[in-house]
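Position 1 is the first residue of the sequence, and the numbers go up from there. The model shown is predicted, which means the values in this text are computed figures rather than measured ones. In what follows, every heavy atom counts, from backbone to side chain, and hydrogens, waters and symmetry copies are set aside.
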Amino acid sequence: MPNSLSACGVPARASLRTVTAAALASLAAVAPASSVLAQPAAAVRAFTGATLIDGTTRAPIANATLLVRDGRVVAAGPAAAVRVPAGAERVALDGKTIIPGLVNAHGHASSVANLATYAAYGVTTVYSLGDETPDVFAARDAQRLAPPAHARVYLAGPVLTPTTPDEARVQVEAVVARNVDIVKIRVDDNLGTAKKISPDVYRAVIREAHARGKRVAVHIYYLDDARALLEAGADYIAHSVRDTAVDAPFVEALKKSGVCYSPTLMREVSTYVYDTIPPFFRDSQFLAHANQQWMATVSEPARMAATASSTSAQRYKAQLPVAMRNLMTLAKAGVPIAMGTDTGPLGRFQGYFELMEMEMMVEAGLSPRAVLTAATLGAARCLRVDRELGSLEPGKWADFVVLDASPLSDMRNIRRQHSVWIGGRQVKTRGR
């Protein structure tokens with residue numbers, strides 16, 4: 001994945017009190033971004049009155065109570081079925097909708113600030129697939145001890161670039177020594193402008209990683225490469241097939257394997273959208289956390305002109321509908337889909353692009369329910385973190401987003417975020 005655009009503590013128990021939704025929003029609005037909001041400590045919190053979409057196959061629960069103790073879900077269900085203990089803090093969310101925190105199954109985080117930006121848009125977990133800095137590794141390790149003040153992160157470390165099987169072994173050993181969560185390789189010629197990693201080398205990477213107990217995520221573009229990598233034992237296809245329609249043998253093989261597929265549709269958008277000033281540059285929700293330097297860079301007249309005339313940008317733009325049709329074909333066949341975006345490089349804006357990705361997935365033909373699953377429990381399952389994350393069930397971390405309206409009726413409601421909570425604590429989000 002290139003670094004530029006292609007062309008173009010234990011809290012004390014609180015006394016009983018009610019905190020209204022409006023008051024919480026006001027507190028968040030005056031707080032600076034990038035950390036957990038200073039709030040009264042409470043070992044137990046009861047979030048009441050909202051409609052709960054818990055991330056499982058259960059129907060939405062009206063007038064639900066979500067009970068959280070020390071950052072984890074204790075109970076979640078109809079108010080009449082959940083007993084709130086004496087002394088619990090009550091957070092009134094009447095008229096709101098609660099969903100699990102969003103999981104980005106393919107992003108990139110090069111700083112803790114990036115993780116805070118993800119969280120500001122409701123992305124409470126990100127699987128960072130390459131080139132993380134030491135502070136991101138440290139954040140990953142620290143989250144095992146206590147809920148973080150930003151999005152949770154799992155990571156791949158350096159993307160491997162071996163040219164021989166021997167180099168494959170050495171590079172796999174090196175990243176495994178750093179205790180990565182997954183190994184990442186790219187099998188792509190960048191539209192014919194670069195040499196692809198050869199089959200004997202990527203098979204060596206997969207073999208060596210599996211021998212050390214690590215899974216392998218693969219960046220692909222072509223159907224033939226996706227097919228060959230699946231046969232070689234790849235564990236996660238981290239991009240859409242974009243060159244041509246997926247065929248029946250591949251669809252069946254992918255479904256049978258249980259390997260997950262991440263569409264990253266917004267990756268394609270990022271390659272061509274900056275030929276002019278995109279409309280989302282005027283969106284206040286985008287501007288609240290946007291990287292201003294990136295905005296200036298992609299808005300330079302010479303760069304916009306180069307993007308407009310770029311053969312590769314136009315190729316990626318032309319193939320986006322192919323990616324969208326392939327997503328629908330695979331989802332309809334029952335292939336597990338994990339929402340991902342490849343955000344993190346220049347122009348691929350973390351957090352905001354995830355919301356756009358979910359809207360595009362609906363545009364591709366998936367139901368809002370299917371997209372929400374792909375961005376919560378489905379993604380968590382694909383990444384093997386679903387014992388702790390992805391749904392609001394007893395024992396799991398209380399990572400969730402409070403919305404003003406349900407995304408099941410209109411996926412655009414995913415933008416109508418009232419508040420974000422990680423480990424049962426509200427995240428600071430400027431302007432809310």
Side-chain angles (χ1 to χ4, degrees), residues 1-8 104 106-108 110 129-131 159 161 184-197 218-226 237-246 261-283 286-287 290-328 339-361 363-364:
M1 189 241 7
N3 290 323
S4 62
L5 287 175
S6 301
C8 354
N104 179 8
H106 183 168
H108 295 270
S110 59
L129 291 182
D131 302 323
V159 178
T161 57
K184 167 82 176 292
I185 54 173
R186 300 181 81 254
V187 182
D188 191 2
D189 63 3
N190 295 328
L191 301 180
T193 65
K195 184 178 180 180
K196 279 191 287 190
I197 185 173
V218 296
H219 167 119
I220 54 90
Y221 177 86
Y222 301 102
L223 174 58
D224 285 347
D225 290 328
I237 296 179
H239 285 285
S240 286
V241 169
R242 289 158 277 171
D243 66 317
T244 191
V246 292
Y261 182 94
S262 186
T264 65
L265 303 175
M266 285 302 296
R267 184 265 175 205
E268 308 312 302
V269 173
S270 75
T271 64
Y272 66 80
V273 73
Y274 304 117
D275 56 353
T276 59
I277 303 298
F280 60 81
F281 271 27
R282 297 187 293 273
D283 182 355
F286 170 79
L287 292 170
N291 185 314
Q292 298 296 313
Q293 184 177 351
W294 284 5
M295 290 181 67
T297 297
V298 301
S299 300
E300 293 170 355
R303 189 181 186 99
M304 288 194 296
T307 299
S309 63
S310 165
T311 301
S312 62
Q314 296 309 310
R315 174 80 175 274
Y316 286 126
K317 182 177 183 179
Q319 297 309 113
L320 177 57
V322 176
M324 295 175 76
R325 289 192 294 270
N326 285 340
L327 169 61
M328 184 57 186
M339 187 275 289
T341 56
D342 203 11
T343 46
L346 173 65
R348 300 184 200 162
F349 291 87
Q350 293 145 321
Y352 189 86
F353 269 29
E354 282 67 32
L355 308 184
M356 294 180 72
E357 179 83 17
M358 294 174 72
E359 292 169 356
M360 288 192 71
M361 292 171 73
E363 184 182 342

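How far CG of L327 is from CD of E363: 11.5 Å, rounded to the nearest 0.5 Å. Rounded to the nearest 0.5 angstrom, M266 CE and L355 CG are separated by 10.0 Å. Put simply, CE on M360 and CD on E268 are 9.0 Å apart, with the number rounded to the nearest 0.5 Å. Atom OG of S270 is separated from atom CE of M356 by 10.5 Å, given to the nearest 0.5 angstrom. In this structure, T161 OG1 and I197 CD1 are separated by 8.0 Å, a value rounded to the nearest 0.5 Å. How far CG of L129 is from NZ of K184: 5.0 Å, rounded to the nearest 0.5 Å.
Side-chain atoms of Y261 come within 3.5 Å of backbone atoms of V241 as a donor-acceptor pair (strictly under, hydrogens ignored). A donor-acceptor distance shorter than 3.5 angstrom exists from the side chain of N326 to the backbone of V246, with no hydrogens or angles considered. Checked by atom type and distance alone, the side chain of D131 never pairs as donor or acceptor with a backbone atom of S110 at under 3.5 Å.
At a threshold of 4.5 Å between non-hydrogen side-chain atoms, the residues Y316 and L191 count as touching. Side-chain contact check for Q292 versus M295: some heavy-atom pair is nearer than 4.5 Å. Using a 4.5 Å cut-off on side-chain heavy atoms (C-beta onward), E357 and P263 make contact. Using a 4.5 Å cut-off on side-chain heavy atoms (C-beta onward), R303 and Y274 make no contact.
Closest heavy-atom contact between V322 and A245: CG1-N, 4.2 Å. Contact record, T341 with F353: CG2-O, 4.0 Å, taken as the closest heavy-atom pair. A pairwise comparison of heavy atoms in V298 and F281 identifies CG2-CZ, 3.7 Å as the closest pair. Taking both residues in full, the closest heavy atoms of G340 and N104 are given as CA-OD1, 3.2 Å, listed atom of the first, atom of the second, then distance. Nearest heavy atoms, T264 versus S240: OG1-N, 4.0 Å. Here the closest non-hydrogen pair linking D188 and Y221 is OD1-CB, 3.7 Å.
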Problem set entry | Evaluation steps, side chain to side chain contact (heavy atoms under 4.5 Å, CB included), between I277 and M304 | CA-CA 8 Å; I277 303 298; M304 288 194 296; 3.8 Å; yes
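Ring geometry for Y352 versus F280: interplanar angle of 30 to 60°, hence tilted. A perpendicular orientation is assigned to the rings of W294 and F349, their planes being inclined by more than 60° (bins at 30° and 60°).
Around CD of Q293, the count of heavy atoms belonging to other residues, nucleotides or ligands within 6.0 Å does not exceed 12.
With L265 as reference, M324 is the one residue of M324, M339, H239, R242 to meet the side chain to side chain contact (heavy atoms under 4.5 Å, CB included) rule. Here the options are E354, Q350, R348, H106, the test is side chain to side chain donor-acceptor pair (under 3.5 Å), and the partner is T343; only E354 passes.
Checked by atom type, the side-chain pair S312/S310 shows a donor-acceptor distance below 3.5 Å.
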